[in-house]
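The sequence lines fix the lettering, A, B, ..., with proteins before strands; numbering per chain opens at 1.
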2 protein chains.
Amino acid sequence: MAVTLADVAARARVSAATVSRVLSGNYPVAESTRARVLRAVDELEYVVNGPASALAAATSDLVGVLVNDIADPFFGIIAGAVQSEMGAVAESGRHGEKLAVVCNTGGSPERELNYLTLLQRQRAAAVVLTGGAVEHPDHMAAVAAKASRLAASGTRVVLCGRPPIEDAVTLAFDNRGGARRLTEHLLTLGHRRIGYVAGPAERTTTRDRLDGHRAALAAAGLGEAADRLTVHGLYDRSSGYDATLELLRRDDALTAIVAANDTIALGVCAALRDQGLRIPDDVSVAGFDDLPFSADAVPALTTVRLPLHEAGARAGRLALGREPQPPGGVAMVRSELMARASTAPPRRAG
Amino acid sequence: MAVTLADVAARARVSAATVSRVLSGNYPVAESTRARVLRAVDELEYVVNGPASALAAATSDLVGVLVNDIADPFFGIIAGAVQSEMGAVAESGRHGEKLAVVCNTGGSPERELNYLTLLQRQRAAAVVLTGGAVEHPDHMAAVAAKASRLAASGTRVVLCGRPPIEDAVTLAFDNRGGARRLTEHLLTLGHRRIGYVAGPAERTTTRDRLDGHRAALAAAGLGEAADRLTVHGLYDRSSGYDATLELLRRDDALTAIVAANDTIALGVCAALRDQGLRIPDDVSVAGFDDLPFSADAVPALTTVRLPLHEAGARAGRLALGREPQPPGGVAMVRSELMARASTAPPRRAG
DNA sequence: CTGTTAGCGCGTTCAC
DNA sequence: GTGAACGCGCTAACAG
C-alpha cells in the first residue's frame, strides 16, 4: 500500500541500505547517488515508517510532555516552550527532529501512570513531567519506579516544576522562596491579617508555596493565625471566588489575600468586588506565576514571576541531551517578586 | 535488555502468539492460560513494544491533535476533551486505548505540515485538526493533499472548528451565524457606531466571524462604516488593548466594540478602563467563545458560546470511529448568544 | 483453543 | 562507496 524504502531504492537504482544511509545522513554517500535518492524520495513522496524505524533502531523520536491541566496557560506555556526546542523539520522525507507531544493528566495519579506506560510502550526518547506532583506515598513510589524503568531503557526523564527523584534530571521551581518573599512584601506594607487561598492539599506546589507563606508569617510572630486563614481549593478561578467568601466569613477584617496562583487570584478579585470591597484600598491581593494576563489585570496583579518559557525550553534541551545536566542533576529555577498595583498598605479599619 | 513477548511466553509456558492474543484481547483464550499469561506479564513487568506492534499490525495507537496555540484555553479545552475520550487504560501491560497527543503549531503553516508528516511517519491512527485554518491557497492545497494521503493510508482525519476538506470528517463551528447574532444584539440595543477587533487576517475563523458581523451591519444599512472601524490583530489580550486605542483614534464616539474572541475582549476592556471609559455605560464590549473566565469577568462578558468541550469530545469519538459520521461528513456546531452585563443600550453623547 | 510459520519496513553489521 | 543478509518484536494467517 504505502511506499517503502525498497520502492525508493528501486527507483533510484540503489540498495535499500543506501537509501537508509542517505536519509539518516550519518554516513558517507557519494553526492551523485545521494541526489538520485533524494529525487526518488520526492517523486514518490516517501515518508519513513516510524514504527519500523523505531523497531530496528530501538529508539523512537517521540518526546512526551505530561501536564496537569492543558487548559491552564501555566502548562501551556511550559509545553509550548518544550516543543519549540524540538524544531520539527521534516523536509523531503528526511528524518526530522523529535515529535514532542503533550499529554493531559488532569492532575490524576492514575492517568499520569498510564501515560508513562503508554510512552514507555512507544519507547519514547524522553519524557518531561511538568508541574506539581501528587504526594501520596504509593503514587510517588510508583512514579519513581516507572522513571527508573524508563531511564533504564534509554528514555531520558526530565522533571520541570516538581521535586527531584532518582534517575531524572530536574528543574525545580523556587516556590517556597517566592511565596515567602511575597508574604514578606505584604508584611512590610503593614498587613497583619492575611488570608491564603491554597491549591489542592496533596500537590507539592501547593505545599511549597504554603510553607513559604507560613515561614514568613512565623518569622513575623504571626504563625498562629495562619491555619485559620488558609483555605484549600483547586487551581482555578471559581475556587478563588468561593475561598474568598469563606475567608471573609472567618475574618471580615482581613486586609490582604494571597492566592496560590494567578488564576485563583482573579477569582479572589471578583469575589471581593462583588462584596463591595476595593482592591487594594480595602483588601490587597497577590498571586503567583505571573501569567501574561496578570500584568494587565485591573488593578495589575502583584505576583511572583516564574520564568516558565525559559524553564520549558531548558527542559526541552535537557530532554534532547543538547544541554549538559546541572550538577547533581538538579537546578533551581529562581522566582522573582513582581510588586504591582493590587497590593498597598492597609487602610481599612480593623 | 528489555523484556519481550517471548520472555513472557517462556515464563507462562505458552507460545508468543497466545500471549499476543491475551494482550490484545480480541481472541478467545482459555481462562486458565489467560490467567497464567497475565501473571507472567505482571511478574516480568512486561510492557508491549509499541513500534514492533505497530509495524506488524500496520497501525499504531497514536492519535495526534493539532492546535494553533497550546497556551490558549480555547484549544486547551478542545484538546482536553479529545483526550478524555481516549480513556487511556494501560493496566497489566495490556494494550490500553489510544495515546492522544497534542501538537502545537503556533499557527504556523509550516509547522502544521511538519506535524502532519511526523504523524504520518508514526502511522497515527487518527489526526484531529482544531481551530481556524490558514487560507493561503498553497497551504490549503498542501493540507488537503496531506489529508488525502493520510486517509489513504488508514489514518482518520477529523477537523474541528475549520472548514471541510475532502477525505476528512468535519465539525464546523457556526462562527458566521454567531457573530451575526452578536452584532444584531448590539444593533437591537441601539448601537450604531460599533468597532470590531478582528484576529489575524488569513484565518478562516477570523474571516467567518468578521463576515457575520458585516452581514448584520449591512442588513441594518450600516455596511459603509464597517471597514473603517475594523482593526486586525492576534488572538491575544495585548492585540485587543492596542486595537482599542486605534479604534478610539478613528472614532472617539464609538458606543460598542466587538472582539473576535474573549481573550481579545479582555484587552479591550483594559484599554477602555485605562482611557477612563466605563463598561457598559460608555462603551459596550462583546467577545466570542465563552471561555470559563468570561462569565465572571467584571462586568460579565456578553459573548457567543461555543460548546468546545462537547465538540472536542465528539471529535475524539469520530477519530476513534466510535461515532457514526454525520451526513455528508460535515456537522455544524451551533453557537449561542450569551447576553450579559458588558453590553447595554448606548448612553454616551455622540 | 493453541502452536507454527511468515513476514511487517528498516538499521546495521559484514563483505565486496 | 555500496550491496546482501540478518534480525529488531510483534501480529496474522494457517494448521491442528
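Counting to the nearest Å, the C1' atom of C:dC10 and the CD atom of B:Gln122 are 14 Å from each other. We find that OH of A:Tyr27 is positioned 19 Å from P of C:dC10, with the value rounded to whole Å. In this entry the distance linking CZ of A:Arg21 with P of D:dG1 reads 11 Å, nearest Å. The CZ-P distance, from B:Arg123 to C:dC8, rounds to 14 Å in whole Å. If you measure from atom CG of A:Leu5 to atom P of C:dC8, you get 13 Å, rounded to the nearest angstrom. As rounded to whole Å, 14 Å separates atom P of D:dG9 from atom CG of B:Leu44. Computed from coordinates, the A:Arg13 CZ to D:dG1 P distance equals 21 Å when rounded to whole Å. Distance OH (A:Tyr46) to P (C:dC10): 3 Å, rounded to an integer number of Å.
In this structure, CG in B:Asn49 is found 10.5 Å from OG in A:Ser153, a value given to the nearest 0.5 Å. Here CD of A:Glu85 is found 5.5 Å from CZ of A:Arg322. Values are rounded to the nearest 0.5 Å.
Residue contacts shown for A:Leu55 include a base, since a base heavy atom lies under 4.0 Å away. The residue B:Ala30 sits close only to the backbone: its heavy atoms come under 4.0 Å of sugar-phosphate atoms, none of a base.
One finds no side-chain N or O of B:Ser20 lying less than 4.0 angstrom from the OP1 or OP2 phosphate oxygen of D:dC10. An OP1 or OP2 oxygen of D:dT11 is reached within less than 4.0 angstrom by a side-chain nitrogen or oxygen of B:Ser53. Between A:Thr18 and D:dT2 there is no side-chain N or O to OP1 or OP2 distance below 4.0 Å. For D:dA4, neither phosphate oxygen OP1 nor OP2 lies less than 4.0 angstrom from any side-chain nitrogen or oxygen of A:Ser15.
Using a 4.5 Å heavy-atom cutoff, the side chains of B:Asp61 and A:Arg121 are in contact. Side-chain atoms of A:Val102 and A:Gln83, non-hydrogen and from C-beta on, do get closer than 4.5 Å to each other.
Out of D:dT11, C:dC10, D:dG9, the shortest distance to the side chain of A:Thr4 is found at C:dC10. Of the candidate nucleotides C:dG9, C:dT4, D:dC10, C:dT4 has the atom lying nearest to any side-chain atom of B:Ala17. Checking D:dG9, D:dG3, C:dG9 against the side-chain heavy atoms of B:Asn49 singles out D:dG9 as nearest. Closest approach to the B:Pro28 side chain among C:dT2, C:dC10, C:dC1 is made by C:dC1 (side chain taken as heavy atoms from C-beta onward).
Mapped onto DNA chain C by nearest heavy atom, A:Val19 and B:Thr33 fall at different nucleotides, with B:Thr33 at the one closer to the 5' end.
Side-chain N or O atoms of B:Arg11 include none that pairs as donor or acceptor with a backbone N or O of B:Glu43 at under 3.5 Å.
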